[in-house]
There are 2 protein chains.
Amino acid sequence: MSDFTKSLRECGVPVTAQRLAVLRAVTRRPHSTADELADEVRGELGTVSRQAIYNVLGVLTEKGLLRRIQPSGSAALYENRVGDNHHHLICRSCGKTVDVDCAVGHTPCLTAVDDAGFIIDEAEVLYWGICPDCQAGK
Amino acid sequence: MSDFTKSLRECGVPVTAQRLAVLRAVTRRPHSTADELADEVRGELGTVSRQAIYNVLGVLTEKGLLRRIQPSGSAALYENRVGDNHHHLICRSCGKTVDVDCAVGHTPCLTAVDDAGFIIDEAEVLYWGICPDCQAGK
DNA sequence: CATTTTTTTGGACTTTGTAAAGTATTTTAC
DNA sequence: GTAAAATACTTTACAAAGTCCAAAAAAATG
């Protein structure tokens, strides 16, 4: 049984070809949009409906197998690196997105903050800047 | 001359009724979507095109008079509190968004991070959780 | 294996945002 | 102030991202 199959079982969701293919696609191409993942999945399975992709991404995100990030000015991106407190660097020029480990290491911002009564479960950090390639004028 | 007029002049952009009304609307209702702001503006000016709202929000954001935040799963939100390094708490349940001062005070995350060669100009932090009202089951 | 639950499909629809061309307003220079 | 030039606004059309819904298919359950 594949690792992905096991993950799905552990989350209590039925195992389908589409879900396995989405998990593989996200692993191959982290920080991809739903549309890009749909292309990847179709390369494996043939025809897959757009709705199925959105359903799968929604379920897997909800179950914590995937993480969704939504940078300003682009569609939502998905990645399978979950469980650690890493953040993202995004290029304002080309949109390239790369992982970056948390500055403080242990959910830094989550603790030292006036929480206004909120129960906080996640601190999402987006660093905006210009990537090396765009600095070089490529 | 109103403060908003002065701000626009200082940014070198022509002063129009629509721009002033958008600035007032954002001040009255920070963390609003373009659509909500359009309603506010129309309450003041009567008919205003959707495109004008988007144009104005774009220009003012670009000039640094407004700030745009784009939480996952909702349209972009705008606020007029700029220039300080504050962040946002967002309720996963009702979407309520409130300001929160930066935990460390001085662009904390911007400095201590492996920047992968990026030139970083902003660290955007979104804290996700459940607001007091939703905790109370309202 | 049959039943029940859940997912996937396919199409239409909504929301959010952008583009382009023409008209109106604001600014700038007298 | 007034006229010319620059800029913004309106209107219409379009595109992208995502959702809704009912029927068909697949997976889980007993």
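A note on names: the letters A, B, ... follow the listed sequences, proteins ahead of strands, and every chain is numbered from 1.
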Atom-to-atom span, CD of A:Gln18 to C1' of C:dT6 - whole angstrom: 12 Å

Nucleotide D:dC14, atom P - distance to OH of B:Tyr54 in whole Å: 19 Å

Donor-acceptor pair under 3.5 Å, B:Arg50 side chain vs C:dG17 base: yes

Euclidean distance, atom CG of residue B:Leu57 to atom C1' of D:dA8 [Å, nearest integer]: 14 Å

Nearest listed nucleotide, side chain of B:Val13, among C:dT9, D:dA8, D:dA17: D:dA8

Shortest side-chain distance from A:Val56, nucleotide among D:dT10, D:dA28, C:dT8: C:dT8

Heavy-atom check, side chain of A:Arg92 versus side chain of B:Asp121, under 4.5 Å: yes

Nearest-neighbour nucleotide for the B:Ser49 side chain, D:dT11, D:dA8, C:dT16 considered: D:dT11

Sugar-phosphate only, base, or nothing, as touched by A:Thr47 at under 4.0 Å among non-hydrogen atoms: sugar-phosphate

Minimum-distance nucleotide (side-chain atoms of A:Ala34 versus D:dG18, D:dA8, D:dT10): D:dG18

Pairwise side-chain contact, B:Thr97 with B:Glu79, heavy-atom cut-off 4.5 Å (strictly under): no

Residue-phosphate contact under 4.0 Å: A:Thr16 side-chain N/O, C:dT8 OP1/OP2: yes

Gap between atoms CG and C1', on B:Leu8 and C:dT25 respectively (whole Å): 15 Å

Residue among B:Val41, B:Leu66, B:Asn80, B:Asp3 satisfying side-chain contact (heavy atoms from CB on, under 4.5 Å) with B:Leu23: B:Leu66

Distance, rounded to the nearest Å, where A:Ile53 contributes CD1 and D:dA16 contributes P: 18 Å

Minimum side-chain heavy-atom gap B:Asn55-B:Gln18 below 4.5 Å: no

Nearest to side-chain heavy atoms of B:Gln51, which nucleotide of C:dA19, D:dA8, C:dT9: C:dA19

Exceeds 12 heavy-atom contacts within 6.0 angstrom, atom NZ of B:Lys63: no

Rounded distance (Å) that lies between atom C1' of C:dT15 and atom CG of B:Leu77: 15 Å

Protein-nucleotide distance (A:Glu36, atom CD; D:dA16, atom P), rounded to Å: 13 Å

Contact nearer the 5' end of DNA chain C, comparing B:Ala75 with A:Val59: A:Val59

B:Ala76 side chain, from C-beta outward: closest of D:dA8, C:dG17, C:dT9: C:dG17

First of B:Gln70 and B:Pro14 reached from the 5' end of DNA chain C, by closest nucleotide: B:Gln70

Value in whole Å for how far the P atom of D:dC9 lies from CG of B:Leu45: 11 Å

Candidates C:dT8, D:dA17, C:dT26 - which lies nearest the side chain of A:Ala52: C:dT8

